[in-house]
There are 2 protein chains.
Amino acid sequence: MSDLFQALAHPVRREILAMLRDRAMSAGDIAEAFDLAKPTLSGHFSVLKEAGLITAERRGASLIYRINLSVAEEAVAGLMALLRVAPGAAPSRRRKQAGGVR
Amino acid sequence: MSDLFQALAHPVRREILAMLRDRAMSAGDIAEAFDLAKPTLSGHFSVLKEAGLITAERRGASLIYRINLSVAEEAVAGLMALLRVAPGAAPSRRRKQAGGVR
DNA sequence: ACTATATTTCGGTCGTTGCCTAAATAGCGA
DNA sequence: TCGCTATTTAGGCAACGACCGAAATATAGT
């Protein structure tokens, strides 16, 4: 779970996930979308793969990356569980929350 | 949005949010739950407050922290939008995803 | 005004992350 | 096998984040 949030913490990695959400792409194609060196992107791929958010498949000389939907959903579910917010929750209908201090 | 994910990236901060989800607590009370120095926790509070995830209210010499549900929901909504996963989504009913590479 | 309590701000250390260039690896076609 | 393309690994450096102890600030009570 911690790896998941860690992976999601970097804007470039989130953008990569958003791109892969549309379609599978090669490392090179993804890299072209950013103004960063290829090795830097490769490092980001590594973090995402380690977290399980993406998978790689070799196709010729290229590596095709795809998003792993089940893990992505796990991330969302984990965050919802942590904050205990309902899915389609409207502007917070004030679920029961113990007074605590006040 | 980036501040939100950044704030959620640290396990201690996530735990703080989970605690505050139950009830509002003073800085000291929260600090007691961790084996960390007070200044360290104070730094975490600062990050969470900056992200809008918590708010502080002074009560005597103490500072009472509360979670900000609407921002918490915004975080969940943001993650769902990024990954485009449905809320109660079962084990991924394979939404349409362009073939892209194959 | 002084003291005690609660919390933050300050200054510094240390490990990690993000980025780069250069070099290594992997696959493919001639 | 050689050469070409695609991508990763290695090495190094600057910036950042997390942590601590000490000092500063804020509030309340005496």
Side-chain angles (χ1 to χ4, degrees), chain A residues 1-20 23-68 75 100-102, chain B residues 1-20 23-68 75 100-102:
Chain A
M1 190 90 268
S2 207
D3 289 345
L4 238 37
F5 285 109
Q6 196 59 42
L8 291 169
H10 198 288
V12 166
R13 289 195 289 265
R14 287 198 301 274
E15 181 61 27
I16 291 172
L17 288 174
M19 292 171 65
L20 292 180
R23 65 195 186 290
M25 294 174 76
S26 72
D29 286 349
I30 298 171
E32 280 182 2
F34 297 91
D35 191 26
L36 292 171
K38 300 257 183 68
T40 298
L41 267 299
S42 183
H44 286 306
F45 297 150
S46 174
V47 172
L48 288 169
K49 190 149 65 73
E50 202 65 29
L53 281 165
I54 63 175
T55 59
E57 177 204 351
R58 201 168 258 299
R59 175 158 297 262
S62 299
L63 274 180
I64 307 303
Y65 284 106
R66 347 180 95 77
I67 197 168
N68 185 337
V101 177
R102 163 74 56 142
Chain B
M1 188 93 273
S2 206
D3 289 345
L4 237 37
F5 284 109
Q6 196 60 43
L8 291 169
H10 199 288
V12 166
R13 288 194 289 265
R14 288 197 301 275
E15 181 61 28
I16 291 171
L17 287 174
M19 293 171 65
L20 291 181
R23 65 195 186 290
M25 293 175 77
S26 72
D29 286 349
I30 298 170
E32 280 182 4
F34 297 90
D35 192 26
L36 292 170
K38 299 259 182 69
T40 299
L41 266 299
S42 183
H44 286 306
F45 298 150
S46 173
V47 172
L48 289 168
K49 191 150 63 76
E50 201 65 28
L53 280 164
I54 63 174
T55 59
E57 177 206 352
R58 200 168 258 297
R59 176 160 296 262
S62 299
L63 274 179
I64 307 303
Y65 284 107
R66 337 180 105 78
I67 197 168
N68 185 337
V101 177
R102 152 87 60 158

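Naming: A, B, ... by sequence-line order, numbering from 1 per chain. All values derive from a computational prediction rather than experimental measurement.
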- [ ] Provide the full list of ring-ring contact (aromatic ring centres under 6.0 Å, His included) pairs with a residue in residues 45-64 of chain A, sequence neighbours left out, each pair given once.
- [x] A:Phe45-A:Tyr65

Open item on the list: Does anything in residues 6-14 of chain A come within less than 4.0 Å of DNA chain C? Heavy atoms only, and list the residues if so.
Closed with: A:His10, A:Arg13

Open item on the list: For chain A and DNA chain C, what are the first and last nucleotides along the strand, 5' to 3', with at least one atom under 4.0 angstrom from a heavy atom of the protein chain?
Closed with: C:dG18 to C:dC28

Task: Qualifying residues under side chain to side chain contact (heavy atoms under 4.5 Å, CB included), relative to B:Ala37, sequence neighbours excluded - done: B:Pro39, B:Thr40

Considering only distance and modelled atom types, tabulate donor-acceptor pairs under 3.5 Å from the side chains of residues 6-18 of chain A, sequence neighbours left out.
unit_1  : atom_1 : unit_2  : atom_2 : d
A:His10 : ND1    : A:Val12 : N      : 3.0
A:Arg13 : NE     : A:Ala7  : O      : 2.8
A:Arg13 : NH1    : A:His44 : ND1    : 3.2
A:Arg13 : NH2    : A:Gln6  : O      : 3.3
A:Arg14 : NH1    : A:Leu8  : O      : 2.8
A:Arg14 : NH1    : A:Ala9  : O      : 3.2
A:Arg14 : NH2    : B:Ser2  : OG     : 3.0

Task: Base versus backbone protein contacts along nucleotides 4-15 of chain D [heavy-atom cut-off under 4.0 Å; B, S, -] - done: --SSBB------

TODO: Look up atom NZ in B:Lys49 and atom CG in B:Leu63, then write down how far apart they are to the nearest 0.5 Å.
DONE: 8.0 Å

Task: From B:Val47, B:Leu4, B:Asp3, residue fulfilling side chain to side chain contact (heavy atoms under 4.5 Å, CB included) relative to B:Leu53 - done: B:Leu4

- [ ] Could you grab the distance from atom CD of A:Glu50 to atom CD1 of A:Ile54, nearest 0.5 Å is fine?
- [x] 10.5 Å

Task: Straight-line distance of A:Glu57 CD to A:Arg66 CZ, nearest 0.5 Å - done: 5.0 Å

- [ ] Starting from P on D:dT27, measure out to CD on B:Glu57 and report it in whole angstrom.
- [x] 13 Å

- [ ] For B:Ser42, enumerate each residue passing the side chain to side chain contact (heavy atoms under 4.5 Å, CB included) test, keeping only those at least two apart in sequence or located in another chain.
- [x] none

- [ ] Quick one: closest heavy-atom pair of B:Met1 and B:Ala75, and the distance?
- [x] CE-CA, 4.3 Å

Open item on the list: If the test is side chain to side chain contact (heavy atoms under 4.5 Å, CB included), which one of B:Ile67, B:Asn68, B:Thr55 qualifies with B:Leu20?
Closed with: B:Ile67

